[in-house]
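In what follows, a structure is listed as structure tokens, so that the remarks can point back to it.
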Amino acid sequence: MAQLALKNVYKRYDDGRKKLFRRKKEQGFAVSDLSFTCEDGEFVGILGPSGCGKSTTLRMVAGLEQITGGNIYIGGRRINDLPPKDRNIGLAFEDYALYPPLSVYENLAFNMRARKVPEDEIKKAVDYVAPLLKVDDLLERKPTALSGGQKQRVNIARAIIRRPGLLLLDEPLSHLDGKMRQTLRQEIKRMHHEIKCTTIIVTHDQMEAMSLADKIVIMKDGVLQQIGTPLEVYDDPANEFVAGFIGEPPMNLMPSVILKTETGFQFSFGGSPLRIRVPRQYGPVARDGMKVTLGVRPVDVLITPGGGEQGASAPVAVYENLGDERRVCVRVGDALLNITTTEDAYYERGQIVHLTFHEERTHLFDPETGERIRTSK
Ligand code: ADP
């Protein structure tokens, strides 16, 4: 096991256009000034949309890509120039890359055999790793006789067979269907509890990162957005991007203008008479005419019987009953506001409902920069 640290890491792929285009410093970097640590035994998720630099980061840690700037340390040792084979890393990619003519046993044994490890040691290693990933019944099969989920289990088993200091998983579940994904997700979590190997998973799926990782590193356009535990990034997003990326259905992000009225500050929404009281904690930062993006999660909008000085009324646009929860979408001027509730209620399209926001759980963002507007609460 080992601690991993990235310090101010940059990556620019040489796309051969350097002479044609004079680019600003930030442009052209697949990864820009990235720093984070993954403690010994910790499970870290690198999360972000496609193209944000997740795989590039993982490949730099594995030594499969040269880094353009900065330093990478494993167990305190700078490894920028260390060849991949000397980094004591286990790798499992999205595509399984198993050898088709070889049995599962032989696939697991392959690298050890190439390194002339004695047969009894290989058998011991396979006997250890196969039950851990529940592939012990599949050892005689060829990869063509395995399901996608089974292939990925073998792939991960192969990555950990040499008990690496660091396990790197690149989108290991994205080929699998919904149910299989969930099963394997739980298996990976269980395996990590057992072997406690320092692990990094790259994923674009926030659910995957939230459920597996101790700590999530969120990236966009090669730039770090936030590092935190799943709860921290959910409850306390650093900016509008993180707020919208974490959570399903995503946080409502509504353009709004704050108005000063006789009864205090209120949010107003373009094209809508709806007014919502600005929560007390924003008193010190609110100004008349201030443009903000109001963020509130669908679970934090409450439909109430009506009346009262707080909240306001709006018409229902869509009602969906998903069995264990109901999703209600209401029209607020030009925008739609999503609400989820576990209450057993039915709403007609066009029905006027009364809304209140969970005030402690509303967030304000600067529409220009996307940054969170903090309060001195
Ligand atoms: P992610 O894993 O988040 O989908 P990648 O790390 O694969 O993103 O890619 C980050 C950026 O680097 C993208 O703009 C991608 O087009 C670019 N990129 C990735 N690999 C290469 C490469 N071999 N050559 C040039 N550009 C690349």
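Both ligands and their constituent atoms are indexed starting at 1 by order of listing.
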So if I count the atoms of ligand 1 from 1 in the order they appear, which ones are less than 4.0 Å from some heavy atom of Ala30?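 Within the 4.0 Å cut-off of Ala30, ligand 1 contributes 11 (C), 12 (O).
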Would you mind listing which atoms of ligand 1 come within a distance below 4.0 Å of any non-hydrogen atom of Thr56?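 It comes down to these atoms of ligand 1: 5 (P), 6 (O), 9 (O), 10 (C).
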Distance-only polar pair, side chains of His175 and Gln152, donor-acceptor under 3.5 Å: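 Per modelled atom types, His175 and Gln152 side chains form no pair under 3.5 Å.
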Pick whichever of Arg59, Arg12, Lys54 has a heavy atom sitting closest to atom 3 (O) of ligand 1.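 Comparing heavy atoms across Arg59, Arg12, Lys54, the nearest one to atom 3 (O) of ligand 1 lies in Lys54.
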State whether the shortest distance between N or O atoms of Ser55 and N or O atoms of ligand 1 falls below 3.5 angstrom.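 Between Ser55 and ligand 1 (N or O atoms, distance only) the closest approach is under 3.5 Å.
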Between Phe265 and Tyr282, is the ring centre distance below 6.0 Å?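 No, ring centres 6.0 Å or more apart.
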Between the side chains of Arg280 and Glu359, is the shortest nitrogen-to-carboxylate-oxygen separation below 4.0 Å, so that they form an ion pair?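 No salt bridge links Glu359 with Arg280.
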Is the closest heavy-atom distance from Cys52 to ligand 1 below 4.0 Å?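 Right, Cys52 reaches ligand 1.
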So for Pro49, does at least one of its heavy atoms come nearer than 4.0 angstrom to any atom of ligand 1?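 So Pro49 counts as touching ligand 1.
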Test: Lys124 cationic atom under 6.0 Å from Tyr128 six-membered ring centre, within 45° of axis: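 Pair Lys124/Tyr128 does not count as cation-pi.
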For Glu194, does the CD atom sit with more than 12 other heavy atoms under 6.0 Å from it, leaving out its own atoms?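 Atom CD in Glu194 is packed in, count exceeds 12.
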